[in-house]
Amino acid sequence: MTSPSGQPGRNFQAPRGTRDFYPIEMARRLWLEDKWRRTATRHGFDEISGPTFEHLDLYTVKSGEGIVSELFSFSRQGGETSYALRPEFTPTLARMVASKANALPKPIKWHSIGPYFRAERPQRGRLREFTQWNVDVLGDPSPEADAEVIACCADSLRLMGLTDEHVSIRINHRGLFSEILRENGVPSDRHEAVFVLLDQAGKLERADFLAAARKLDLPESLMLWFGGEIEASVDSSGELRQKLMKESSLAFEYFRRLEPLRDSLEELGVSKRMVLQSALIVRGLAYYTGAVFEVHETGGKERAIAGGGRYDNLVELFGGPPTPAVGFAMGDVVIALVLQDKGLMPSDDAIARDLGLAPDVFVFACDEAADLYLRPMLAHLRRAGLHARRTYKTTRNEGKLFGEANKSGARFVLKLMPGLEAQLKDMGAQGGASEPLGPEASVEALAAAVQKRIPAS
RNA sequence: GCGGCCGUAGCUCAGUUGGUUAGAGCACCUGGUUGUGGUCCAGGGGGUCGGGGGUUCGAGUCCCCUCGGUCGCCCCA
């Protein structure tokens, strides 16, 4: 709690923005990763991984030199090469795809879970080291591919217990949006500025937003639409959006062209009530070319839970063949906050059960004679594939020992007695009696009798 | 990079207008309740009051600096 540099005798502490994962925290993290992994697997995504640091250039190529101040970058003592801890996965993914593109069957459906690093000031929902799940489809330009990644994202949320009451998926489409702008006389060199403005719209008063929009010399028909977007963005019922589509022919036309994506989502089982269209979702300025989307909690209080979109020319940028691509990322920090806020984070017991981490059997000996075969018994149970734990206490107080067993979450308690006899109690049955076992001819035989009575978890 | 708030045991906190060896609950450890599930009883370990400097006879209490946490701004891949 004192010196960050750790002089002799001083306390060390974890670096700013990083976390220590004690067993409880680690179990929660594993639980979350388990939800991600299971969802991705069900949806047919293969898991991949890459280095946690890359050449610094990999990031400046895509994001410009300005990105460097946001990275943890370094070079070896005396070395010339600059590296950076990875702040995101997409460049690594693009690199991996680019170098094997022609050998890979299409579509490429990959996902990845791992740590990422950003040299920013920590704040709510944002740390310097975090875990992120990336899901991508490459080689398929269709709206169906967009829908596939969004559906995978939605399914992971459902697996965590989140419904359309808790979260919404807000979708937009840069390509279609640009089309509409062009058709209404906004030259393409001004589109970027429009995106920037829409991105900031959430933070501006309606009047300020409209004033800024006028400066961009946008036609009145667009102004009507954008003004309506500001209002609709704070409306969770969707009524204002319906009204907007009636009043503005442009909004109507735009949302009509998004219909194929909406239809695909519905086919894939994504609740229509969870999907919102919004021209205000822009996703920074980076590399998105088509559909973009973000997941937000319905209260709108937290940062985006997940975000992604289509990036059709990124693989080419990294030296590969032209490859259409779409994907998203979800970090562990915001989703954990949302689950906590909504009371959906399972109890520690439930997590242990869910992950199969609870002991199958908790063993103790009732006296010194039984102590003699406690350890061989553990060995046999473990060899038989059971998760077996023992007490390390010296007390023979069975009240305390059962209390300890209970706290460990063990399904059964095995009490060893002299003469290779034992009692086995099912902790799931409140107040139930113990079943007597033995005497047997050997520890192994007694262990086999125990194993026979413990069903696979 | 900038700003607000905060910093006493592992956790949540109490510590009177600055005044003797800094407290409680929970958690942890030990023993007892001769015992089959978070009971009860007794005991114990653990804090240089984030760190440094200053004011003072005397500082957890006041002042300055610093480190850290937290929330926000910028940014958000």
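Numbered from 1 within each chain, the chains take letters A, B, ... in sequence-line order.
Qualifying side-chain hydrogen bond (donor to acceptor under 3.5 Å, both in side chains) partners for A/W36, counting only residues two or more places apart in sequence or in other chains: none. Residues satisfying the side-chain hydrogen bond (donor to acceptor under 3.5 Å, both in side chains) test with A/R118, not counting sequence neighbours, are none. Under the rule for a salt bridge (Lys or Arg N to Asp or Glu O under 4.0 Å), the partners of A/D34 that lie at least two apart in sequence or sit in another chain are A/R38. With sequence neighbours left out, A/R453 forms a salt bridge (Lys or Arg N to Asp or Glu O under 4.0 Å) with A/E435. Scanning for salt bridge (Lys or Arg N to Asp or Glu O under 4.0 Å) contacts around A/D354 gives A/K35, with sequence neighbours left out. Among residues two or more places apart in sequence or in another chain, the ring pair (Phe, Tyr, Trp, His ring centres under 6.0 Å) test is passed with A/Y311 by A/Y287. Here A/D360 pairs with A/R411 under the salt bridge (Lys or Arg N to Asp or Glu O under 4.0 Å) rule; sequence neighbours left out.
By the 6.0 Å contact criterion, CD on A/E444 is open, its count of non-hydrogen atoms from other residues, nucleotides or ligands being 12 or less.
Within residues 343-362 of chain A, no residue approaches RNA chain B, by heavy-atom distance under 4.0 Å. Against RNA chain B, the stretch residues 16-31 of chain A makes heavy-atom approaches under 4.0 Å through A/R16, A/G17.
Checked for salt-bridge contact, A/D332 and A/R29 miss the test: no charged N lies under 4.0 Å from a carboxylate O. The pair A/D348-A/R28 counts as a salt bridge, with a side-chain nitrogen and a carboxylate oxygen less than 4.0 angstrom apart. Electrostatic pairing of A/R19 and A/E129 does not count as a salt bridge here, judged by no charged N lying under 4.0 Å from a carboxylate O.
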Show each protein N/O and nucleotides 1-4 of chain B N/O combination with a separation under 3.5 Å, one pair to a line.
residue	atom	partner	partner atom	Å
B/C2	N4	A/R121	NH1	2.5
B/G3	O6	A/R121	NH2	3.4

Using a cut-off of under 3.5 Å, enumerate the N/O to N/O pairs linking the protein to nucleotides 26-31 of chain B.
residue	atom	partner	partner atom	Å
B/C28	OP1	A/K407	NZ	2.7
B/C29	OP1	A/K393	NZ	3.4
B/G31	OP1	A/T394	OG1	3.0

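A cation-pi arrangement is present between A/R390 and A/Y392 under the rule of less than 6.0 angstrom and at most 45 degrees off the ring axis. With A/Y116 as the aromatic partner, A/R86 meets the cation-pi criteria of under 6.0 angstrom to the ring centre and within 45 degrees of the ring axis.
Between A/F117 and A/F72, the distance separating the two ring centers is not shorter than 6.0 angstrom. In this structure, A/F177 has its ring center under 6.0 Å from that of A/F195.
Residue A/R303 places no side-chain N or O under 4.0 Å from the OP1 or OP2 atom of B/C76.
Nearest to the side chain of A/E88, among B/A77, B/G37, B/C71, sits B/A77. With distances taken from any side-chain atom of A/R396 to the nucleotides B/G37, B/G35, B/A77, the minimum falls on B/G35.
Put simply, the side chain of A/R283 and the base of B/A77 share no donor and acceptor less than 3.5 Å apart. Remark: the A/R126 side chain and the B/C71 base include no donor-acceptor N/O pair separated by less than 3.5 Å.
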Worksheet item: In dot-bracket form, how is RNA chain B paired, counting a Watson-Crick or G-U wobble pair only if both its distances are under 3.5 Å and using | for bases paired to another strand?
Response: (((((((..((((.....[...)))).(((((.......))))).....(((((..]....))))))))))))....
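If you measure from atom CZ of A/F364 to atom C1' of B/G37, you get 11 Å, rounded to the nearest angstrom. Separating the CZ atom of A/R124 from the P atom of B/C6 is a distance of 20 Å, rounded to the nearest angstrom. Here the P atom of nucleotide B/A77 and the CG atom of A/N134 are 13 Å apart, to the nearest Å.
For the C1' atoms, the distance linking B/U55 with B/C65 amounts to 15 Å, nearest Å.
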